[in-house]
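These notes are about the structure you will find just below.
These numbers come from a predicted model, not from an experiment. Each residue takes its place number in the sequence, starting with 1.
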Amino acid sequence: MRDGFTRSGDDLPGEPVSPWLATTPDAGYPALEETLGVDVAVVGAGIAGLSAALHLRERGKTVAVLERDRVAAGVTGKTTAKLTSQHGLCYDHLRREFGLREARWYAAVNEASIDEVERRIDELGIDCGFERQPSYLYGDSPDEIERETDAARAAGLEPSLVRSVPPFERASSAVRFDDQAWFHPRKYLLAVAEELYEDEGARVYEHTRVTDVSGGTPCRVQTEAGGVQAEHVVLATGFPILDRAGYFTRMYPKRSYVLGVRLEGEPPEGMYYRPGDPYRSVRTHRDENGTLLLVGGENHKTGQGGSTKERYRRLARWARERFPVASIDYRWSTQDYRTADRVPFVGRAGPGAENVSVATGFRGWGMTNGIAAGRLLAERIAGDDPPELELFDPLRFTPKTSFSRTVTENADAASQFATDWLRTLLGPDLESVDPGEGRVFREGPHPIAAARDDDGDLHTVSAVCTHTYCLVDWNDAECTWDCPCHGSRFDPDGTLLEGPATEDLPRREPR
Ligand code: FES
């Protein structure tokens with residue numbers, strides 16, 4: 001929750017934080033305040049960035065990891081932390097759109113990620129609640145589930161078709177993957193970061209905002225108080241800071257919501273996922289107070305879809321209708337990017353950036369995909385050129401069905417642009433903005449975003465997103481300004497929280 005707006009979520013259940021962040025300390029790594037030279041600069045200390053750094057060190061490369069916030073506090077700190085190769089209805093799609101070889105690659109790299117986490121936990125002695133569990137993908141269309149089961153089998157996995165699951169919802173069929181896993185992602189990644197920090201060939205910096213990346217020889221990474229010269233740069237952030245390939249027109253952001261629910265009684269065995277809009281995700285997490293059930297869903301395009309508080313309420317109702325809920329202890333939300341063809345972008349960043357790599361577009365499945373991206377990029381940088389990168393190539397040819405999705409998403413962004421600018425003509429007066437509320441109004445030709453904090457003070461900034469000039473919208477659960485076009489987010493004082501924008505919203509004083 002934003003400073004000054006902490007009371008605006010009082011009417012929602014649960015502490016506004018993930019259990020991963022609530023139960024782990026700050027690592028306390030320094031900010032970068034000098035210019036240094038390494039083989040590889042890794043931007044982003046989430047699961048993809050830290051995995052890349054580990055693999056690069058194993059190949060003898062010196063590494064500097066630069067994190068704008070804290071280690072594993074971004075998307076990785078807000079995941080449901082399922083380690084699985086079961087990513088919704090994906091294998092039938094991959095087989096049809098890309099081919100059987102590519103579906104097999106996808107299955108293999110994600111299965112390898114589960115094994116990699118287990119191996120590192122053993123090697124480093126990490127206590128992070130890793131448990132092998134079955135994962136169920138369920139739905140109301142037996143045909144769809146059967147096709148997915150068949151495609152997963154053809155991709156080299158060992159799925160089984162089961163009936164009458166899950167126990168908490170009527171569903172006609174499900175596909176079960178055995179030997180999947182869950183864990184506490186931040187406990188795992190804090191141990192990985194510590195391993196890197198104690199290694200003379202690696203540096204880890206927190207609170208270090210990258211302001212520019214140039215992809216020459218060497219590459220240059222500019223930060224607010226220093227910089228890095230490197231032979232190669234890995235951009236492992238939600239949205240790549242160097243957009244050489246028009247990523248903002250080829251990915252779209254979605255927000256989703258999770259509740260940490262304490263049950264009276266035992267949770268269901270394993271983990272569950274129901275695809276669709278809205279999807280549902282269920283898994284168990286054991287902590288020192290017993291068992292939490294993590295219930296996720298209510299996804300929507302960022303900056304669109306009305307009250308975000310209402311999404312938490314709907315999720316809470318759904319949980320209470322199906323489980324003996326004793327209390328809701330946590331609530332949190334996250335944002336992830338989806339590519340039009342549903343396959344992440346992992347590889348060369350774009351034209352003129354041969355030595356810059358990206359890892360993004362994980363579609364909510366960043367745990368295994370992020371680890372796979374780290375491994376594949378380290379191999380690419382070491383000159384091994386793994387064949388699987390052909391599937392993930394950010395500059396790949398987009399299948400026909402995905403091309404139409406790209407067109408639709410860009411049309412949606414364009415229509416948001418037009419309707420939101422018209423909407424501000426009907427602007428409210430400032431006095432009508434209540435504490436915890438934000439509204440956009442027009443003062444002369446200037447759209448102004450006004451939000452009132454718990455103490456009644458008004459915060460006013462330009463409502464024009466600094467990316468490509470759409471108008472931001474108020475997110476009432478998180479108290480942020482979210483852009484409906486490509487997902488940039490800002491705090492009530494205009495500070496940039498996530499891109500593709502790279503600049504804050506300027507302050508505006510109302511007359
Ligand atoms: Fe593109 Fe706002 S994120 S216009």
Looking at every non-hydrogen atom in both residues, tell me the closest pair between Ala31 and His207 and how far apart they are.
CB-O, 3.7 Å
So, His285 versus Tyr330: side-chain donor-acceptor pair below 3.5 Å or not?
no
All heavy atoms of Leu389 vs all of Val346, minimum pair found to be CD2-O, 3.5 Å
When rounded to the nearest 0.5 angstrom, what is the spacing between OG in Ser462 and CD1 in Ile448?
7.0 Å
Taking all heavy atoms of Val356 and all of Cys219, pick out the closest pair and write down the distance.
CG2-SG, 4.3 Å
Any Glu503 side-chain heavy atom under 4.5 Å of Leu496 side chain:
no
State whether a side-chain donor-acceptor pair under 3.5 Å links Thr302 with Arg255.
no
For Ser488 against Ala501, the heavy-atom pair lying closest together
OG-N, 2.8 Å
With no hydrogens and no angle check, is any side-chain donor or acceptor of Glu224 less than 3.5 Å from a backbone partner on Thr208?
no
Could you state the interatomic distance from CG (Leu391) to CZ (Phe98), rounded to the nearest 0.5 Å?
6.0 Å
Applying side-chain hydrogen bond (donor to acceptor under 3.5 Å, both in side chains) to Arg203 and not counting sequence neighbours gives Tyr205
Are Thr76 and Met367 close enough that some pair of their side-chain heavy atoms sits under 4.5 Å apart?
yes
Sequence-distant partners of Arg220, side-chain hydrogen bond (donor to acceptor under 3.5 Å, both in side chains), two or more places apart:
none
Thr223 and its side-chain contact (heavy atoms from CB on, under 4.5 Å) partner, picked from Thr35, Leu66, Thr211, Val43
Leu66
With a 6.0 Å cut-off (strictly less than), is the heavy-atom count around CZ of Arg96, excluding the residue itself, greater than 12?
yes
Is it true that Lys309 and Asp476 have a side-chain N and a carboxylate O under 4.0 angstrom from each other?
no
Output yes when Lys254 and Asp336 qualify as a salt bridge under the 4.0 Å nitrogen-oxygen rule, no when they do not.
no
Given the rule in the side-chain contact (heavy atoms from CB on, under 4.5 Å) test, do Trp182 and Leu83 qualify, once you have shown the distances and angles that lead to the verdict?
CA-CA 5 Å; Trp182 59 44; Leu83 286 160; over 6 Å; no
Under the side-chain hydrogen bond (donor to acceptor under 3.5 Å, both in side chains) criterion, do Ser135 and Gln180 qualify, and how do the steps go?
CA-CA 6 Å; Ser135 180; Gln180 308 298 287; 5.7 Å; no
When you compare the side chain of Arg348 with that of Leu395, does any pair of heavy atoms fall below 4.5 Å?
yes
Between atom CG of Asp482 and atom NZ of Lys301, what is the distance when rounded to the nearest 0.5 Å?
13.5 Å
Please determine, by modelled atom types, if Thr502 and His467 share a side-chain donor-acceptor pair under 3.5 angstrom.
no
Could you verify whether a donor N or O on one side chain and an acceptor N or O on the other, from Thr308 and Glu478, lie under 3.5 Å apart?
no
Cation-pi, Tyr312 ring and Arg331 (6.0 angstrom, 45 degrees):
yes
Side chains of Ser357 and Arg380, donor plus acceptor under 3.5 Å
yes
Given side-chain contact (heavy atoms from CB on, under 4.5 Å), test Ser256 with Gln335 step by step and report yes or no.
CA-CA 6 Å; Ser256 51; Gln335 177 163 314; over 6 Å; no
Verdict with supporting geometry, Asp491 and Thr480, side-chain hydrogen bond (donor to acceptor under 3.5 Å, both in side chains)
CA-CA 5 Å; Asp491 81 4; Thr480 55; over 6 Å; no
Within-4.5 Å side-chain heavy-atom neighbours: Ile381 and Asp39
no
Taking C-beta and beyond as the side chain, do Leu94 and Val343 meet within less than 4.5 Å on heavy atoms?
yes
Is there a side-chain contact (heavy atoms from CB on, under 4.5 Å) between Trp105 and Glu390 once you walk through the steps?
CA-CA 10 Å; Trp105 279 342; Glu390 197 186 309; 4.0 Å; yes
Please step through salt bridge (Lys or Arg N to Asp or Glu O under 4.0 Å) for the pair Arg95 and Glu102, ending with a clear verdict.
CA-CA 7 Å; Arg95 184 169 62 172; Glu102 285 76 3; over 6 Å; no
When rounded to the nearest 0.5 Å, the distance separating CG of Leu315 from OG of Ser333 is 11.5 Å
Can you tell me how far apart CZ (Phe490) and CG (Leu505) are? Round to the nearest 0.5 Å.
4.0 Å
May I have the step-by-step check of side-chain hydrogen bond (donor to acceptor under 3.5 Å, both in side chains) for Thr495 and Asp493, ending in yes or no?
CA-CA 6 Å; Thr495 303; Asp493 289 318; over 6 Å; no
Mind listing the closest non-hydrogen atom pair of Gly88 and Leu137 along with its distance?
O-CD2, 3.5 Å
Using a 4.5 Å cut-off on heavy atoms from C-beta on, say whether the side chain of Cys465 contacts that of Trp481.
no
Run the ring-centre check on Tyr273 versus Trp365 and record whether the distance is less than 6.0 Å.
yes
Is any side-chain heavy atom of Cys128 closer than 4.5 Å to a side-chain heavy atom of Ile121?
yes
Determine whether the interatomic SG-SG distance for Cys470 and Cys483 falls below 2.5 angstrom.
no
Close aromatic pair by centroid cut-off 6.0 Å: Phe239 and His486
no
Please walk me through it: do Glu388 and Arg101 pass salt bridge (Lys or Arg N to Asp or Glu O under 4.0 Å)?
CA-CA 10 Å; Glu388 296 89 343; Arg101 180 187 64 162; over 6 Å; no
Which is it for Glu498 and Arg489 under the salt bridge (Lys or Arg N to Asp or Glu O under 4.0 Å) test, yes or no, and what are the steps along the way?
CA-CA 5 Å; Glu498 51 192 305; Arg489 300 179 64 235; 2.9 Å; yes
Ion pair Arg396/Asp341, N-O distance below 4.0 Å
yes
Can you list, pair by pair, the side-chain donor-acceptor contacts under 3.5 Å of residues 187-197, counting residues two or more places apart and other chains?
from: Glu194; atom 1: OE1; to: Tyr29; atom 2: OH; distance (Å): 3.1

Using the rule given for side-chain hydrogen bond (donor to acceptor under 3.5 Å, both in side chains), can you reason through Lys82 versus Thr368, listing the C-alpha separation, both sets of side-chain angles and the distance that settles it, and then say yes or no?
CA-CA 8 Å; Lys82 292 173 171 176; Thr368 50; over 6 Å; no
Is the ring centre of His184 less than 6.0 Å from the ring centre of Trp20?
yes
Between Glu111 and Ser85, is any side-chain donor less than 3.5 angstrom from a side-chain acceptor?
yes
Where is the tightest heavy-atom contact between Gly366 and Ile47, given as atom of each residue plus distance?
O-CG2, 3.4 Å
Supply the atom-to-atom distance Glu123 CD to Glu118 CD, rounded to the nearest 0.5 angstrom.
11.5 Å
Is the His87-Phe177 ring centre distance short of 6.0 angstrom?
no
Under 3.5 Å, is there a donor on one side chain and an acceptor on the other for Arg186 and Thr24?
yes
